[in-house]
> 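There's a structure below that I have some questions on.
Here the structure is a predicted model, which means the values were calculated and not measured. By convention in this document, chain letters (A, B, ...) are assigned in the order of the sequence lines, proteins followed by strands, and residues within each chain are numbered from 1.
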There are 2 protein chains.
Amino acid sequence: MYSIGELSKRTGVKIPTIRYYEEMGLIDAPERSEGNQRRYTKDGLSRLSFIRHSRDLGFSIEDIKDLLSLSQHPEKPCHDAHNIAVQHLADVQKRISKLKRLERELKRLSKCGAGNIANCAVIETLADHGLCETEH
Amino acid sequence: MYSIGELSKRTGVKIPTIRYYEEMGLIDAPERSEGNQRRYTKDGLSRLSFIRHSRDLGFSIEDIKDLLSLSQHPEKPCHDAHNIAVQHLADVQKRISKLKRLERELKRLSKCGAGNIANCAVIETLADHGLCETEH
DNA sequence: CTTGAACCTATAACTACTAGAGAGTTTATA
DNA sequence: TATAAACTCTCTAGTAGTTATAGGTTCAAG
């Protein structure tokens with residue numbers, strides 16, 4: 001049996017976040033001690049690790065709910081889990097290419113040689129989208 | 001003079017968002033019509049464009065406040081604007097490399113050949129961080 | 001003058017947490 | 001066994017940057 005603090009240390013998930021996950025229905029409400037404190041089993045620990053790990057990989061709470069309920073049914077086909085991962089991969093790739101465009105723009109922008117605001121490329125570029133090299 | 005709806009169409013910023021920016025002090029409260037509706041000038045339009053453009057580039061509301069007040073003082077040196085942009089560039093580059101690690105992991109993860117959940121690499125990997133190739 | 005679109009304020013929801021107050025519980029040590 | 005330190009409890013509110021909703025008012029065209 002782990003207290004919430006121990007669970008937190010073992011998984012790296014902060015205490016209020018664990019309680020938040022409980023409220024959101026990601027983890028079951030655990031048993032309580034006589035004094036009403038949460039007491040977790042090994043199962044609770046591994047479920048929270050799963051969540052932690054999924055969050056690290058950027059899955060949303062909703063996605064994780066789906067993944068968790070899938071993982072509860074080992075006999076089912078895994079298209080669904082697969083689809084969630086592939087969809088998420090697509091999202092990540094979209095974000096990467098958007099950020100790369102942004103990086104190019106900011107690099108250009110930060111090469112400002114002017115001495116004062118009046119001729120500063122940063123301000124000028126922000127004021128006028130037409131000066132941009134790429135669309136965003 | 002533009003109504004809020006016209007301003008919204010011209011800048012691509014949604015109406016509630018414009019009102020939110022006003023509340024946050026990013027834009028000045030504009031004059032009102034006799035019936036208490038907002039009426040914007042060309043200045044209001046270009047200020048909002050500046051904001052829109054800065055948000056597109058991922059600057060925070062606070063950064064934009066600084067950039068706006070800098071742009072109001074053309075005689076000042078532009079180190080500050082420059083610093084904000086450079087700092088932001090560093091953030092963006094950090095985000096990119098984090099996402100790329102994630103992309104690698106997800107690509108590996110989504111190549112799941114199993115037929116059912118029991119052997120599905122997606123679920124398995126999420127359940128056990130030890131199976132990951134990279135740190136995250 | 002009427003109608004319908006656009007506008008007003010105020011409030012709540014969203015995501016995924018984090019922080020704080022004030023009270024109760026558990027555990028380690030004297 | 002007493003007490004103090006550390007931990008946990010619930011509840012509320014705050015974060016960023018919007019978006020949505022409700023119930024009412026105003027504007028512009030026909």
> Which residues pass the ring pair (Phe, Tyr, Trp, His ring centres under 6.0 Å) test with B:Phe50, sequence neighbours left out?
none

> Taking only residues two or more places apart in sequence or in another chain, which ones pass side-chain hydrogen bond (donor to acceptor under 3.5 Å, both in side chains) with A:Gln93?
B:Glu103

> C:dT26, OP1 or OP2 - any side-chain N/O from A:Ser33 closer than 4.0 Å?
yes

> With a cut-off of 3.5 Å and sequence neighbours excluded, list every side-chain donor-acceptor pair involving residues 35-45 of chain A.
{"from": "A:Gln37", "atom 1": "OE1", "to": "A:Arg39", "atom 2": "NH2", "distance (Å)": "3.4"}
{"from": "A:Arg38", "atom 1": "NE", "to": "A:Glu22", "atom 2": "OE1", "distance (Å)": "2.8"}
{"from": "A:Thr41", "atom 1": "OG1", "to": "A:Asp43", "atom 2": "N", "distance (Å)": "3.3"}
{"from": "A:Thr41", "atom 1": "OG1", "to": "A:Gly44", "atom 2": "N", "distance (Å)": "3.4"}

> Rounded to whole Å, please give me the gap between CZ in A:Arg32 and C1' in C:dT26.
15 Å

> Mind checking the NZ-CD1 spacing from B:Lys100 to B:Ile96? Nearest 0.5 Å is all I need.
8.0 Å

> Quick one, which residues of residues 38-49 of chain A touch DNA chain C with a heavy atom under 4.0 Å?
A:Arg39

> Hey, does A:Glu6 have a side-chain heavy atom less than 4.5 Å from the side chain of A:Met1?
no

> All N/O contacts under 3.5 Å from nucleotides 1-4 of chain C to the protein, with atom names and distances to one decimal?
none

> Going by the rule side-chain hydrogen bond (donor to acceptor under 3.5 Å, both in side chains), which residues pair with A:Asp91 if we only count those two or more places apart in sequence or in a different chain?
A:Gln87

> Name the atoms and distances for all side-chain donor-acceptor pairs under 3.5 Å in residues 62-71 of chain B, with sequence neighbours left out.
{"from": "B:Lys65", "atom 1": "NZ", "to": "B:Met24", "atom 2": "O", "distance (Å)": "3.2"}
{"from": "B:Ser69", "atom 1": "OG", "to": "B:Asp66", "atom 2": "O", "distance (Å)": "3.2"}
{"from": "B:Ser71", "atom 1": "OG", "to": "B:Leu68", "atom 2": "O", "distance (Å)": "2.8"}

> With a 4.0 Å heavy-atom cut-off, tell me which residues in residues 8-26 of chain A come close to DNA chain C, sorted by residue number.
A:Lys14, A:Pro16, A:Thr17, A:Tyr20, A:Tyr21

> Just the endpoints, please: which first and last nucleotides of DNA chain D, 5' to 3', lie under 4.0 Å from a heavy atom of chain B?
D:dG17 to D:dC27

> Kindly list each side-chain donor-acceptor pair under 3.5 angstrom involving residues 9-17 of chain B, sequence neighbours excluded, with atom names and distances?
{"from": "B:Thr11", "atom 1": "OG1", "to": "B:Leu7", "atom 2": "O", "distance (Å)": "2.8"}
{"from": "B:Thr11", "atom 1": "OG1", "to": "B:Val13", "atom 2": "N", "distance (Å)": "3.2"}

> Under the 3.5 angstrom rule, does the side chain of B:Arg55 hit a backbone N or O of B:Phe59 as a donor-acceptor pair?
yes

> Mapping B:Ile61 and B:Asn36 to their closest nucleotides on DNA chain D, which lands nearer the 5' end?
B:Ile61

> Using whole Å, what does the distance between atom C1' of nucleotide C:dT26 and atom CD of A:Glu6 come to?
13 Å

> Rounded to the nearest 0.5 Å, how far apart are OG of B:Ser46 and NE2 of B:His53?
14.0 Å

> Identify, with sequence neighbours excluded, every residue that meets ring pair (Phe, Tyr, Trp, His ring centres under 6.0 Å) alongside B:Tyr21.
none

> For DNA chain D, whose closest nucleotide is more 5', that of B:Phe59 or that of B:Gly35?
B:Phe59

> Grab the OH-P distance between B:Tyr2 and C:dA6 for me, whole Å please.
19 Å

> Mind calculating the distance between CG (B:Leu7) and C1' (C:dC7) to the nearest angstrom?
14 Å

> Can you hop from B:Tyr20 to B:Ile18 via hydrophobic side chains spaced under 4.5 Å?
yes

> Please identify each residue that fulfils side-chain hydrogen bond (donor to acceptor under 3.5 Å, both in side chains) with B:Gln72, with sequence neighbours left out.
B:Arg47

